[in-house]
Amino acid sequence: MVETQPDEQDLIARSRDGDLAAFNRLVERYQNPLYKLCLRMLSAPQAAEDAAQDAFISAYRSIERFRGATFRAWLFRIAANACYDELRRRRSRPAVSLDAPVGEEDTLAIDLPNPGPSPEEHAQRSELNRALKRSLAALPDEQRLTIVLCDVQGLDYAEIAVAMNVSLGTVKSRVSRARSRLRELVQEHGELLPDRFRHASEERDP
Amino acid sequence: MTLFNRHNRYRNQLSAYVDNQLSAGDTKAVDQHLATCDACRQELEGLRAIALAVRDLPSVAAPRSFALTPELVGERPAPARERLPQFAGGMRLAGAALAVALAVVLTGDVTNVPLGGDGGQSERSATADMMLETDNSVIDNGSDFAASPASQPPADAASEDPKTQEQLDAAGRDSDNCPVASGEGGDSGVASATAPAVTTAPEPVGVTATPAAGVDKGVTAGDCVPAAGGIDSPAVGAPDGQAEGGADDKSAESLSQADDGGLSTVRVIEIALAVALAAVLISVLATAVANRRTPR
């Protein structure tokens, strides 16, 4: 488990005393990953922005309750709750959605191409990313959160346990199930995917 | 069968294996199984590929700063404090109810004196004893007083209405000047003073224990004296207005008699109420101060 760093402890302590500037340094540090979590959970930039802002506000308001070793996981739990709130709202009035359609949220973002990949590889990669995003959006909320925490954010299982408020054993089985399910969905969605997603072993074995 | 079970168990561990989250022993066991199981090797590669693909999704940056401004967070309500306003509100309500009861007793006192003989007064002294015992009954009796004088002498009530209102206001203001008597509590109490002490009466049940303790301390007694005096004076002044207002000589006489004997009994009630009120107010203050000092 990633321990909270000393300077972070200090910022947290000062935030507890109501030092907004100190808390804003934590915001600065975590706003990118936290926004990313919200975006992957909600697949809609505006809703993700709102959820991220709400998450920081409630984190500030409840920071005195933070006792854990890892601030990041605690913060992500709050963000996850903000996303769940939004998803619940969305379900209660499904017709109202002015946001971009699912999976299209960053098609305009230009991936800086790595020096290497050929145009075909790049096209393949984009296709894969689209399929991934669609598949992620199609996962049940809890499985999507699992994947986001584990693979998008790179949390270890102990941190995920904190962020999802479950036991380590539960994390293990959730990751396993979520990843299997995601793989199935990608296979359904992505007929043009690179071979390794469908015939993983054949590629390796001569 | 056993082989299939074991295969399933390893299969379920593959994701944790991909993430390096297995113990050394489990990792070794999975390694050994992988060496003999094509299906699991295939599954492992698929899982690894999907995990990598998700990890490699283009990174997203926050579209704007989420830094908090004082406006965004407002006054941060500490979790401990969030619940306290309700409690303090209850206490203030109790204070308001007591203030109303006091005002009502004063009004009842003033309006009853010309009509009520000894019977009324002894009745009131009996209730005074009860008041000293439980604050609940203070409020109940207070509301009784509100009902009886208003209904018994309709003629007098009509002529005295403005005066009564003044006294109530004076009492309300006094309680506002007293240690706490928060604006909201005091205002609502005064506004509803003419009729409905009944509605506020049930509220402060939970609060009643503290004032009794406060009274014992004697600290409160000193604080209360000015309050009681302040409220007393309009009551004393009122009979004059009443006499001028056209009451006949007889009632004027009974007033002067009351001044000697009756008022002292009534004053006991009033002081008792004022003491209880001050005790509630002080305990409200004390809790407020304590809350502010509670370490976060």
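Worth saying up front: this structure is predicted, and the values here are computed from it rather than measured.
B/A62 and A/Y35 make their closest contact through CA-CD2, 3.8 Å (heavy atoms, listed as atom of the first residue, atom of the second, distance). Considering every non-hydrogen atom in both B/S15 and A/V175, the closest pair reads OG-O, 3.9 Å. Scanning all heavy atoms of the two residues, the minimum distance from A/Q53 to B/F66 falls at NE2-O, 3.2 Å. Shortest non-hydrogen contact noted between A/L20 and B/P70 is CD2-N, 3.5 Å.
Looking only at side-chain heavy atoms (C-beta outward), B/L57 and A/K36 stay at 4.5 Å or farther from each other. Here the side chains of B/L22 and A/K172 are in contact, with some heavy-atom distance below 4.5 Å. In this structure the side chain of B/L14 never reaches within 4.5 angstrom of the side chain of A/R179, judged on heavy atoms. At a threshold of 4.5 Å between non-hydrogen side-chain atoms, the residues A/R177 and B/N12 do not count as touching. In this structure, A/R40 and B/V60 have side chains that are in contact, with non-hydrogen atoms separated by less than 4.5 Å.
Atom CD1 of A/I57 sits about 8.0 Å away from atom OG1 of B/T69, to the nearest 0.5 Å. Rounding to the nearest 0.5 Å places CG of A/L155 at 11.0 Å from CG of B/D19. To the nearest 0.5 angstrom, A/D156 atom CG is 11.0 Å from B/N20 atom CG. Going from atom CD1 of B/I50 over to atom OG of A/S135 covers 7.0 Å, rounded to the nearest 0.5 Å.
Using a 4.5 Å cut-off between heavy atoms, A/E28 makes no contact with chain B at all. Of the two parts of A/C38, neither the backbone nor the side chain holds a non-hydrogen atom closer than 4.5 Å to a non-hydrogen atom of chain B. A/L132 touches chain B through its side chain: at least one heavy atom from C-beta onward sits under 4.5 Å away, while N, CA, C and O do not. For A/F23, the part lying near chain B is the side chain, with the backbone staying farther off; criterion is any non-hydrogen pair under 4.5 Å. For a residue to count as touching a neighbouring chain, one of its non-hydrogen atoms must lie under 4.5 Å from one of that chain's; by this rule A/S173 does not touch chain B. Only the side chain of A/N24 comes within contact range of chain B, judged by heavy atoms closer than 4.5 Å. For chain B, no part of A/L34 is nearby; none of its heavy atoms comes within less than 4.5 Å. No part of B/L44 comes within reach of chain A, as not one of its non-hydrogen atoms sits under 4.5 angstrom from that chain.
Within a 6.0 Å sphere centred on CZ of A/R29, heavy atoms belonging to other residues, nucleotides or ligands number more than 12.
When atom types are taken as modelled, the side chain of A/R61 and the backbone of B/V73 share a donor-acceptor pair closer than 3.5 angstrom.
Per-residue counts of heavy-atom pairs under 4.5 Å with chain A were compared for B/L68, B/V18, B/V54; the largest is that of B/L68. Heavy-atom pairs under 4.5 Å with chain A peak, among B/Q13, B/Q21, B/R11, at B/Q21.
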